[in-house]
Colleague: 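Take a look at the following structure, please.
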Amino acid sequence: MSDVRLLVPHPIPLLRRIAGAGLLVLVGTLVAASTVGTSVLATAGSARADGPGSVQGTDGPLRPSAAAETAAETAAETAAETAAETAAESGAATGDGEGARPDGRATGTKHPTLALDQDFPDPDILEVGDTYYVYSTNSAKTLPVASATSLDGPWTVQQEDALPRLGEWASSGFTWAPDVSRRADGTFLLYYTARHTASNRQCIGAAIADSPRGPFVPVGAEPLVCPAEAGGAIDASSFVDRDGRRYLLYKNDGNAIGLPTTIYLQPVAPDGVTFTGERVPLISNDGDEGWLVEAPVLVRQGTSYNLFYATGEYWNGTYATRIATAASVAGPYTKADRPLLSTATFDGAVTGPGGADVLQDTDAGDHIVFHGVRDGGYRALYVAELGWAADDTPVVRGSRFRVEGESGRVHHASVRTDATGASGGAVVADLDHPDSWVELQVYAPRSGAYTLHVGYGNASVDSNGAERTASHHVAVDGRRAGTIEYPFTGTDTWGEATVDVRLSAGSNTVRLGPAAWVAEVDYVDVA
């Protein structure tokens with residue numbers, strides 16, 4: 001009986017499973033079809049995400065599972081399912097979330113750590129031995145530096161200025177976005193941005209020190225990079241590829257004079273200050289990026305070159321960190337269609353996350369550091385866990401990472417491509433059979449508690465035309481992980497609902513299958 005379906009213009013609760021018996025019985029009266037509803041399943045209580053009559057793939061006809069061959073086996077399975085589901089949903093409601101909502105339930109999202117709550121913008125991080133060093137744009141000192149033995153702190157801000165004097169070409173007060181790296185000879189190379197006295201543009205200089213704490217001593221009487229006709233240059237960063245080749249990245253400061261901005265890649269010798277070839281343009285601002293691209297940081301992961309960069313206005317919530325990827329260091333680079341970090345992807349937990357740098361650490365795991373705008377207007381230091389998805393692109397814990405529903409594995413359902421207003425214009429529809437489901441591969445940087453934000457549409461109404469709340473069972477890697485409810489939205493009107501789950505580090509399979517009434521799945525954001 002578990003495969004019995006009644007299709008009517010609007011869902012009517014006609015069937016109910018008898019606990020412990022695995023049977024469906026008629027508990028209501030079939031109401032004649034009305035012109036009000038749409039053709040959806042008359043739900044049979046708690047439909048299973050993977051139960052009798054389901055198929056483990058999408059190919060071939062439906063076939064009964066072995067567990068459904070006898071009533072005794074079905075009854076035992078049903079009882080076990082009910083107990084497991086109750087335990088799972090109880091765990092989801094009271095589990096290991098990183099915080100608590102007003103209703104007492106845990107929330108799975110782990111927000112970034114506010115590591116240093118003072119003005120510390122454009123952070124650059126370096127690990128030397130068992131100590132982490134982070135440098136920032138000038139604030140009281142020309143080159144502020146803080147250190148800690150743990151990324152979560154406590155961080156100690158050094159009293160001494162790590163760059164006590166600038167190069168002869170520069171004037172003080174505008175020393176921005178430092179980058180410190182270690183050279184092959186053991187010395188430390190600083191790239192810094194300062195005001196070029198002769199042109200009154202921001203330009204890039206270099207300095208050397210024997211210690212990551214400084215003092216750094218400027219190199220040369222002129223700036224290293226200073227295209228005054230293009231607005232100057234800012235936001236230098238270093239990158240050393242696996243073959244040992246070293247590069248300098250920077251942006252022309254075109255927005256300072258009303259010109260477009262471009263991020264460049266400049267080959268340099270191992271000393272970091274001798275140019276060895278022509279610069280290569282990587283990306284320029286376009287589309288929805290506004291007036292600039294800036295703050296480039298290049299990271300190679302697997303076979304992918306990942307260019308982190310910022311857009312927006314650094315002083316407010318429009319500032320965001322984006323990503324572009326390439327198969328070779330010189331590109332071409334393809335921009336992601338959504339920000340990696342933004343006020344929205346953090347659900348307001350951080351405002352204007354940008355100026356990011358990446359730390360790849362085999363002991364502590366990879367992390368990303370960045371600044372966020374605080375209520376007082378200053379930009380404080382944040383740290384978040386970083387991982388790499390199957391395609392070697394970054395995923396930041398606490399920042400939403402989207403998987404479109406239509407990209408998943410669909411069983412006894414369909415993909416609707418005329419979903420006006422939906423993310424990507426498509427949704428998973430017809431999830432109105434007991435064995436319907438959609439499976440999505442979601443990535444977690446670390447094992448632990450997460451929140452799934454499911455975009456959905458629900459046009460369910462009963463025989464009286466009353467709006468109904470739909471729901472889906474949720475499973476993670478074959479284990480029940482609770483139920484998610486979808487309040488009524490109407491046709492081609494989209495909402496979002498959440499459920500807390502536990503994910504393993506790496507790829508996880510999330511399955512959504514019908515529980516009550518009918519809802520379409522637009523996307524799943526993981527944070």
Colleague: Taking all atoms of both residues into account, what is the closest heavy-atom pair of Ala177 and Asp122, and its distance?
Modeller: CA-CB, 3.9 Å
Colleague: How about CD on Gln118, more than 12 heavy atoms from neighbouring residues, nucleotides or ligands closer than 6.0 Å, or not?
Modeller: yes
Colleague: Could you note down all residue pairs passing salt bridge (charged side-chain N to carboxylate O under 4.0 Å, His left out) where residues 450-461 supplies at least one of them, sequence neighbours left out?
Modeller: none
Colleague: Going by the side-chain hydrogen bond (donor to acceptor under 3.5 Å, both in side chains) test, name the single residue among Thr351, Asp117, Asp119 that passes it with Arg374.
Modeller: Asp117
Colleague: Compare every heavy atom of Ser407 with every heavy atom of Glu404, then report the nearest pair and how far apart it is.
Modeller: O-OG, 2.6 Å
Colleague: Verify the distance criterion only: is there a donor paired with an acceptor across the side chains of Asn306 and Thr325 at less than 3.5 Å?
Modeller: no
Colleague: Who pairs with Phe308 by ring-ring contact (aromatic ring centres under 6.0 Å, His included), at least two apart in sequence or on another chain?
Modeller: none
Colleague: Quick one: do the Ser507 and Gln441 side chains pair a donor with an acceptor below 3.5 Å?
Modeller: yes
Colleague: Of the non-hydrogen atoms in Leu340 and Pro394, which two are nearest, and what is the gap between them?
Modeller: CD1-O, 3.6 Å
Colleague: Check the angle between the aromatic planes of Tyr486 and Tyr456 and answer parallel, tilted or perpendicular using the 30° and 60° thresholds.
Modeller: tilted
Colleague: Is there a donor-acceptor pair closer than 3.5 Å between any side-chain N or O of Asn458 and the backbone N or O of Arg468?
Modeller: yes
Colleague: Taking all non-hydrogen atoms of both residues into account, name the closest pair between Ala356 and Ile368 and its distance.
Modeller: CB-CD1, 3.9 Å
Colleague: Using atom types as modelled and distance alone, determine if a side-chain donor or acceptor of His367 lies under 3.5 Å from a backbone N or O of Gly365.
Modeller: yes
Colleague: State plainly whether the residues Asp235 and Lys251 are in salt-bridge range, i.e. N to O under 4.0 Å.
Modeller: no
Colleague: So, the side chain of Ser304 versus the backbone of Gln301: is there a donor-acceptor pair under 3.5 Å, distance only?
Modeller: no
Colleague: Tell me, please, whether Tyr450 has Arg397 positioned over its six-membered ring: NZ or CZ under 6.0 Å from the ring centre and within 45 degrees of its axis?
Modeller: yes
Colleague: Mind jotting down which residue pairs meet the ring-ring contact (aromatic ring centres under 6.0 Å, His included) criterion with at least one end in residues 492-511? Sequence neighbours excluded, please.
Modeller: none
Colleague: What is the distance from atom CZ of Phe401 to atom OG1 of Thr345, rounded to the nearest 0.5 Å?
Modeller: 12.0 Å
Colleague: With distance as the sole test, does Asn285 use its side chain to make a donor-acceptor pair with the main-chain N or O of Gly290 at under 3.5 Å?
Modeller: yes
Colleague: Tell me if a side-chain donor or acceptor on Tyr333 pairs with a main-chain N or O of Val329 at a distance below 3.5 Å.
Modeller: yes
Colleague: With sequence neighbours excluded, what pairs up with Arg300 under the salt bridge (Lys or Arg N to Asp or Glu O under 4.0 Å) test?
Modeller: Asp241
Colleague: Got a sec, which residues hit ring-ring contact (aromatic ring centres under 6.0 Å, His included) with Phe346, two or more places apart in sequence or on another chain?
Modeller: Phe370
Colleague: Between His371 and Tyr319, is the ring pair (Phe, Tyr, Trp, His ring centres under 6.0 Å) condition met? List the steps.
Modeller: CA-CA 10 Å; His371 68 238; Tyr319 209 52; 5.6 Å; yes
Colleague: What pairs of residues pass the salt bridge (charged side-chain N to carboxylate O under 4.0 Å, His left out) test when at least one of them lies in residues 352-361, not counting sequence neighbours?
Modeller: none
Colleague: Mark yes or no for whether Ser460, through its side chain, and Ala470, through its backbone, hold a donor-acceptor pair below 3.5 Å.
Modeller: no
